[in-house]
Amino acid sequence: MIYFDNAATTIKKPPCVGEAVVNALSAGNSGRGAHGPSLSAARIVYEAREKLAELFGAEDPSRIAFASNATEALNIAVNGLLTEDCHVITTASEHNSVLRPLYRKEKAGMALTILPVDRKGAASCEQFSHSFRKNTRAVVIQHASNLTGNVMDLSYLSSLAHKKGALLVVDAAQTAGCLPIDVEKQGIDILCFTGHKAMMGPQGTGGIYVKQGIEMEPFCVGGSGFMSFSKNHPSDLPAALEAGTLNVPGIAGLNAAAGYLLYTGVEVIGRRERELADLFLEKISGIDRIRLYGDYTAKERTAVVSLNIDNEDSARVADLLWEEYRICVRAGAHCAPLLHQTFGTTEQGIVRFSFSWFNTEKEVLAAADALKDLALSL
Amino acid sequence: MRKKMKYMVFAFRTTADAIAMEKICNTHHIAGRLIPTPREISAGCGLAWRMTDADYEKWKEQLAKMKYDSVTALML
């Protein structure tokens with residue numbers, strides 16, 4: 001089997017990740033006691049915060065709160081930060097994890113501007129400057145598209161947003177682990193990330209970084225392990241955003257994954273993944289019937305190659321790749337409805353190949369050959 | 001009956017701060033340990049850092065730089 005659905009989830013993880021998960025199954029409940037097992041859990045959780053803070057350039061580990069994935073983190077951000085009387089800017093390139101929480105707020109009265117993207121799926125940074133209003137509270141945007149691999153210039157957007165008195169909220173689901181992220185240098189106010197994609201951690205892990213000084217209403221309240229007689233959930237981070245028992249085995253795996261990323265280097269991993277994507281692009285470039293989606297001339301992008309074979313249903317292409325070649329890719333809408341409207345692929349969908357640190361050149365060449373076969377036979 | 005003795009007890013706003021304190025103290029070989037927060041301390045998270053009065057006096061300067069909510073002398 002050849003697995004090229006790494007933008008959905010990576011299935012090959014560094015061995016230390018699984019070991020950490022298994023070892024943590026016997027850990028106690030973090031923050032719920034001062035006995036050995038409970039403290040062991042709390043130490044694992046804190047170590048994970050430290051490593052994630054280092055990975056994302058955050059000074060204070062307590063500004064990292066855990067969530068079960070980027071979608072949950074984005075819901076925490078959108079619901080905790082945005083009120084009905086404010087305005088938000090986003091783009092047509094977004095995943096539903098950004099769009100749906102914003103649509104829900106829009107329904108409640110919040111004003112929403114969705115900037116269009118060009119035929120390559122790229123949102124022009126210049127559009128943003130004309131879209132701010134007096135009540136613009138935030139720009140909520142993905143770092144990279146899950147469908148095209150296009151990357152946004154976060155430093156530019158943060159400087160623009162900050163000049164206008166707005167915050168920059170970033171969905172880093174596709175970039176945490178494969179593109180360098182520095183919340184200080186890039187001016188990111190809130191970073192939402194998932195652990196199971198390029199970070200190579202377990203599914204069900206992720207989190208949110210919140211810059212010092214930003215106050216947010218918690219999305220979820222309940223058990224905190226302390227202040228039990230208060231009617232209100234604790235307001236200090238990270239406890240403020242972490243109601244209930246934490247996923248300690250998952251966080252232990254994420255901790256190990258973050259250690260692996262720090263040791264190996266995010267830039268090294270990202271470069272390797274893009275080399276594989278570029279090799280794939282090179283090998284399929286001679287196939288006439290292939291249509292590519294995304295800006296493949298951009299200097300910075302993620303290791304995603306999205307395409308169609310003429311008007312063939314993407315589901316059929318993906319199914320044939322699996323059934324006849326044992327190659328795993330993603331077909332369909334990829335939770336990016338507005339991007340498909342732009343590309344005119346709402347019915348057809350798009351076939352996405354996404355590459356990971358653990359893929360090989362041999363696998364890439366086999367996939368390119370399979371695609372050539374299909375392009376000739378369909 | 002068990003005899004009580006005087007300790008200095010640090011309270012924290014979150015578990016993360018308590019674990020950070022333990023980590024820094026371990027790094028500097030500052031003796032002490034995390035305990036369930038005693039009832040005399042009304043605010044703070046469920047973990048408190050307990051150390052002897054003598055160690056507290058010895059490390060007072062370093063301890064002042066750490067992130068905690070309060071420090072209280074208690075008979076425990």
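Basis for what follows: all heavy atoms, side chains included, without hydrogens, waters or symmetry-related copies. Quick caveat, the model's predicted, so the values are computed rather than measured. Lettering follows sequence order; numbering is per chain, from 1.
Summarising the geometry, atom CG belonging to A:L39 is positioned 9.5 Å from atom CZ belonging to B:R33; distances are rounded to the nearest 0.5 Å. If you take CG on A:L237 and CG on B:D17, they are separated by 10.5 Å, rounding to the nearest 0.5 Å. With values rounded to the nearest 0.5 angstrom, B:I19 atom CD1 is found 11.0 Å from A:E47 atom CD.
Sorted by first and then second residue, the ring-ring contact (aromatic ring centres under 6.0 Å, His included) pairs involving residues 57-76 of chain B (not counting sequence neighbours) are B:F10-B:Y68.
More than 12 non-hydrogen atoms from other residues, nucleotides or ligands lie less than 6.0 angstrom from CD of B:E40. In this structure, A:E267 places its CD atom where only 12 or fewer heavy-atom neighbours from other residues, nucleotides or ligands lie under 6.0 Å away.
Within residues 207-228 of chain A, the residues that have a heavy atom under 4.5 Å from a heavy atom of chain B are A:G225, A:F226, A:M227, listed by number. Using non-hydrogen atoms only and a strict 4.5 Å limit, the part of residues 46-54 of chain B facing chain A consists of B:G46, B:L47. Residues of residues 21-29 of chain B that come closer than 4.5 Å to chain A, counting heavy atoms only, are B:E22, B:K23, ordered by residue number.
When side chains are defined from C-beta on, A:P238 counts as touching B:T14, because their heavy atoms get closer than 4.5 Å.
Taking chain B as the reference chain and counting heavy-atom pairs below 4.5 Å, the highest number among A:E50, A:R32, A:R49 is found for A:E50.
Interface residue A:R43: backbone and side-chain heavy atoms are both found under 4.5 Å from chain B.
Nearest heavy atoms, A:G31 versus B:T15: CA-OG1, 3.6 Å.
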